[in-house]
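Report on the structure given below.
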Amino acid sequence: TPVPYEILACDPPRLLTVAALEGFAQWRIGLMLAEAADGTSVELRQEDVNRDEVAMIGPGWEWYLDRLLASTVGDEPPSLGDFETTYMAMSADYEALTR
């Protein structure tokens, strides 16, 4: 089921900040675009992250971004099984960032 989002800030074509309205209600996600020498740079930011959730959220971002990259180059995206075995193995590294 899709999660509804509220638009918190929008400054086309440079900025979009949204908040999840259910499920992940504490999540605020920002997308910033900027001109770069070779095209456009994209910065994704998750704001107000609970330190206790970093070990789960970090690997999730890695997995979603790898899926996005795979879709843009025509590769097979990582599966949910890959998330559970490969990406969640990174959780200790992310947890160490909170110390």
* Heavy-atom pair of closest approach, residues Ile57 and Trp27 -> CG1-CZ2, 3.8 Å
* Asked: Measuring from Leu15:CG to Leu31:CG, what's the distance to the nearest 0.5 Å?
  -> 8.0 Å
* For atom CD1 of Ile7, decide whether the heavy atoms of other residues, nucleotides or ligands shown that lie under 6.0 angstrom number more than 12. => no
* To do: Answer yes if Tyr94 and Leu44 sit in the same cluster of Ile, Leu, Val, Met, Phe, Trp and Tyr residues linked by side chain heavy atoms under 4.5 Å apart, and no otherwise.
  => yes
* Structure fact -> Sorted by chain and number, sequence neighbours left out, side chain to side chain contact (heavy atoms under 4.5 Å, CB included) with Met88 holds for Met56, Pro59, Phe83, Ser91
* Asked: Are Leu68 and Met32 connected in a single hydrophobic cluster, I mean Ile/Leu/Val/Met/Phe/Trp/Tyr linked by side-chain heavy atoms less than 4.5 Å apart?
  -> no
* **Atom CD of Glu35 with >12 non-hydrogen neighbours under 6.0 angstrom** => no
* **Spatial distance of atom CD1 (Ile29) from atom CD (Glu47) [nearest 0.5 Å]** => 9.5 Å
* Verify, without hydrogens or angle tests, whether Arg67 (side chain) and Pro78 (backbone) share a donor-acceptor contact under 3.5 angstrom. => yes
* **Inter-residue atom distance Thr40.OG1 - Arg14.CZ, 0.5 Å rounding** => 11.0 Å
* **side chain to side chain contact (heavy atoms under 4.5 Å, CB included) assessment of Asp82 paired with Asp66** => CA-CA 11 Å; Asp82 294 327; Asp66 283 352; over 6 Å; no
* Interatomic distance, Glu43 atom CD to Leu33 atom CG [nearest 0.5 angstrom] -> 10.0 Å
* Same cluster or not: are Tyr87 and Leu69 linked, directly or through other Ile, Leu, Val, Met, Phe, Trp or Tyr residues, by side-chain heavy atoms under 4.5 angstrom apart? -> no
* Could you tell me whether a side-chain N or O of Trp63 sits under 3.5 Å from a main-chain N or O of Ser79, the two making a donor and an acceptor? => yes
